[in-house]
Structures are given as structure tokens and as C-alpha cells.
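If you're wondering where the values come from, they're calculated on a predicted model, not measured in any experiment. Throughout, protein chains are lettered first and strands after them, A, B, ... in sequence-line order, and every chain is numbered starting at 1.
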There are 2 protein chains.
Amino acid sequence: MDTTQRTEQQRSADRRRRELLEAADRVVLRDGPQASMNAIAAEAGITKPILYRHFGDKSGLYAALAKRHTDALLNSLRAALDAPADRRERVEATLDTYLAAIEARPQVYRFLMHPADGSTGADQGFDVGKHSAPLLRRMGEELAQVIEDRLDLGPSSQQLARVWGHGIVGMMHAAGDWWLGERPCSRDELVKSLADLLWGRLAAAGDKVGGPGF
Amino acid sequence: MDTTQRTEQQRSADRRRRELLEAADRVVLRDGPQASMNAIAAEAGITKPILYRHFGDKSGLYAALAKRHTDALLNSLRAALDAPADRRERVEATLDTYLAAIEARPQVYRFLMHPADGSTGADQGFDVGKHSAPLLRRMGEELAQVIEDRLDLGPSSQQLARVWGHGIVGMMHAAGDWWLGERPCSRDELVKSLADLLWGRLAAAGDKVGGPGF
DNA sequence: ATAATGTGTTACTAGCGGTAACCCAAGTCT
DNA sequence: AGACTTGGGTTACCGCTAGTAACACATTAT
């Protein structure tokens, strides 16, 4: 039987694959999301067709690359979400974890949010909704799961949890993106502001005296 | 004086510009965000260099195109935000307006969120933060302004309002994107769920009995 | 020895964004 | 009239990209 050979070859292929991914990582970190296949191949010390044999096409490579970082980030987030602390502390820890990650490696973060744009030929199917960064979707789903598992939301809790999961992730992402660009305040202030928003301070705030209108 | 001539020519140029934008609109609506300059020129019945004379480069065209839709959407949103009703109703109306817009014309919406990726040559500056859809930024800033104008948030209200503005817009966008792809519930249910989230139901919900851990 | 298999290369295609060079009609100056 | 600038238009090109076909070398199995 050639099972041993098969595994041997497969291990070799996997090693190559990891090497290629690491090279791709370096290039993406240097050149941003529009890193070319040529550049990645050069960084890996090989030529294009090998990349294509391993990953099919550019979006295949990018998907593999994204999965690694996405998994890593999700693990950190899970740790913060599951920490033994009260709800507010857990929410703040999770927000802070995410923001610290995008602050530490903005290029990686940008790459994860701006994936393919690939598919040269007739993309008429269009598939609205599938285009968004997979990272956001996965974070949304995971958060939804945690919410549903831990909170008592009454009937139709599953739907509510999913809406909230994706909504909160979107809030975190958009605020983080803006914050990373403008740096209008410290990370801690941002975390507290967002947590306050989730804690209903928007609804609780009073109308401004002498406001326009009535 | 050639002022009259100048205006005449300018009017002609503006008419052309509008025609070109409408053609571009049709193509983008058909081919998605990666519509090529060739295709747009063909649709307009002319050739590429004319497009470049009018808009400089692809991101120029896309920016002009995006501005039209962005302005239109923002006007609708302002109307909903400024309606004479209580806060909860206004929030729900605004959410619903946005969701109705992206539901009615998903291709346009997708285009607005996935702008350029342009700039072929050395983009090493990177400029994290500038890459995101301008629509999101503008919505965030506008909402921040409304929040700051109308709500009494105590000290550092401006910063808080901006964080909330971008955060809420991001929540709306991410939830809308997910909803558009999966259609897990009606628009009205989504609106109410999001408003509930903003109204602090996350903080108010009880722990699930028999939950994991403690 | 010879055939097969994996690993790598060179050299190519098709299409993209973007531009230089040219073309031509209309108006203007002398 | 004839020369001459000027705006709208085109053809033909450059350099780049993603992706592929075809070929070359080594190793191993028969």
C-alpha cells in the first residue's frame, strides 16, 4: 500500500503550503491587500504556477490566508467572551481585545476586511451579501451563539441573538475602523463609550435644552 | 468677455458629465463594482480617453458616481432623523429607511460599500482608515452631528456622539448586510430588534437559568 | 533501462487601467 | 481668403495583472 507514501507526500505538501502562506503573509503585510501573485511567489522564492497548484486561484490563497488570522482573532475573542466576570466586564474585554488586535496589526486587519474582489470573468451571479468580509460574518455568528447561550431573551431568542450578534460586531468594526483612522481618543475611552451605547445610554439621555424644533 | 462662452461650454461639459455618469450607473448596476472603464465607455457610446478627461481616473469616476447615490440616501436619512416624533420612532424610521434603500437596490448598495481598490502603482502609504466606504463615514459623521445637537450627553459629548454615530451606523450596516443575504426575518422585525439593542435590552436581559459556568 | 510522478521553470494569453499621439471640425485672428 | 488655436474624438500603445500551457529535471517504481 502507498498510504505511508501518501501521508509522507501530504506532509511535505502541507509544509510547503505553510511556507507559502507565511511568505504570502509577509508580502500582504508589506504591500497591503492588492499584493500580486508575482510578488508573493517571488517572496516565497518560487514562481507563480506553484502558487496556483496549491491554492487554485488568488481568492483561494487569500481565503487560506484569511482563515489563519481569523481563527487566531476568534480564539482571542472567545477567551475574552468566556472570562469569569460580569457581563459589562466581559463586553468591555471583548471590545478591547478586538481593538487591540486591529491596532497592533492594521495591515492584517485591512486585508481581512477587504478580501477578494477577484473573479475576473463574468460575475453576473452577483450574490449580494456573500461579498462581505467573512471575518465579520464569523464574528457575528459566534457572538450570536454566545448571546443565545447565555442570555434569557424570551421567545424568538435565536433570531434576536443573531441580529444582535451581527449588529454588535458591525458596531465594533465600524467604530474601530474610524478610530484607527482618526485616533480621536484612547482605546479605553472608546471601549467605555461603546459599552455605554450598548448599555442603553442613548435611550436614557435627556433631550438637549433649547434644542431645535420643539 | 468670454464669461458667457465659458458658462456655455461648462454647461455642455456638465451635460456630458451627467450622461456619462448615467451610463456608468447602468453598467455598474449590471456588472457590479468591478465594471471596467471600457465597458462604461462603450455603454456611453464613446471611448476611454474621454472618460479619463472627465474624471481623471477610475476612482474619480467612482467617487462622482458614489456621491450621487450617497447624497440621495443621506437626504432620505436626514428626513427620517428630523421627523417630528419621539426618539424611538425616529430611530426606527431611520433604520427602516436605510434598510429599505439597500433592499430596493442591492447592487447600488454593494457598489457604494466596495469602492475603489484602485491606485495601481506603489500604494505603500497605506492609509488605513481612508479605505473604508466613504458612505459609512459620512453617515457616521452626520448621525454624530444629530446626536450631539439633540441629546444632552454631559461633558465630552462631542466625542461620545461621534463614537456613537459611527458605531450605530456600523451596526446598521452590518446587520443590514447580513439580513440582505440571509433574509432571516422581515424588515420590521429587524428594525425592532436593532432598536431594542440600542435601547439597552442587552444589558437588561437576565442570565439564562442553568447556564454554563455560573 | 524505462516509464511514471511530482516539482519547477519559461513563455505565453487575455484583459485591465491609463496615456501619447494623432485627427478633425469649428471658430478666430490677420 | 488663409493660417491657427481649441475642444471633442479616436487609434494604438505601455506596463501591469491573473491565470495557463508546455516543457525540463529529478526521483522513484517497475
Practice task
Show your working on side-chain contact (heavy atoms from CB on, under 4.5 Å) between B:Ile168 and B:Ile147 and close with a plain yes or no.
Solution key: CA-CA 11 Å; B:Ile168 293 171; B:Ile147 290 176; 4.2 Å; yes

Practice task
Dump the intermediate steps for side-chain contact (heavy atoms from CB on, under 4.5 Å) on B:Leu180 and B:Tyr109, then the final yes or no.
Solution key: CA-CA 11 Å; B:Leu180 205 57; B:Tyr109 149 73; 3.9 Å; yes

Problem - Pair A:Asp82 + A:Arg90: basic N to acidic O under 4.0 Å - result: no

Problem - Nearest heavy atoms of B:Ala195 and B:Glu92, plus distance in Å - result: CB-CG, 3.9 Å

List the atom pairs, with distances to 0.1 Å, where a side-chain N or O of residues 40-49 of chain A and a protein N or O form a donor-acceptor pair under 3.5 Å, not counting sequence neighbours.
{"residue": "A:Glu43", "atom": "OE2", "partner": "A:Arg26", "partner atom": "NH1", "Å": "2.5"}

Practice task
In whole angstrom, give the distance that lies between atom CE of A:Met37 and atom P of D:dA18.
Solution key: 7 Å

Exercise for the section: Starting at atom CG of B:Leu61, determine the distance to atom P of C:dG18, rounded to an integer number of angstrom. Expected result: 10 Å

Practice task
Give the rounded distance in Å between these two atoms: CZ of B:Phe55 and P of C:dG17.
Solution key: 15 Å

Exercise for the section: Figure out the CG/C1' separation between A:Asn38 and D:dT17, and round it to whole Å. Expected result: 8 Å

Exercise for the section: Check the surroundings of atom CZ in B:Arg187: do more than 12 heavy atoms from other residues, nucleotides or ligands lie under 6.0 Å from it? Expected result: yes

Problem - Residue pair B:Arg68 / B:Asp25: nearest heavy atoms and the distance that separates them - result: NH2-OD2, 3.9 Å

Handout entry: Residue pair A:Ser156, A:Gln159: steps toward the side-chain hydrogen bond (donor to acceptor under 3.5 Å, both in side chains) verdict
Key = CA-CA 6 Å; A:Ser156 74; A:Gln159 210 176 77; 5.7 Å; no

Practice task
Could you tell me the separation between the CG atom of A:Leu20 and the C1' atom of C:dT7, rounded to a whole number of Å?
Solution key: 12 Å

Completion exercise
note: A:Asp14, atom CG; C:dG6, atom P; distance rounded to Å ~ 15 Å

Handout entry: Flag if over 12 foreign heavy atoms under 6.0 Å of CZ, B:Arg105
Key = no

Handout entry: Degree of bending, the helix from C:dA1-D:dT30 to C:dT30-D:dA1 (end axes from five pairs; round to 10°)
Key = 30°

Distances under 3.5 Å only, N/O to N/O: pair up the protein atoms with those of nucleotides 8-10 of chain C.
{"residue": "C:dG8", "atom": "OP1", "partner": "A:Arg16", "partner atom": "NH2", "Å": "2.9"}
{"residue": "C:dG8", "atom": "N7", "partner": "A:Arg53", "partner atom": "NH2", "Å": "2.3"}
{"residue": "C:dG8", "atom": "O6", "partner": "A:Arg53", "partner atom": "NH2", "Å": "3.4"}
{"residue": "C:dT9", "atom": "OP2", "partner": "A:Thr47", "partner atom": "N", "Å": "3.0"}
{"residue": "C:dT9", "atom": "OP2", "partner": "A:Thr47", "partner atom": "OG1", "Å": "2.3"}

Exercise for the section: Round to the nearest Å and state the distance from B:Asp31 atom CG to C:dC16 atom P. Expected result: 10 Å

Handout entry: Interatomic distance, A:Leu51 CG vs C:dT7 C1' [rounded to whole Å]
Key = 14 Å

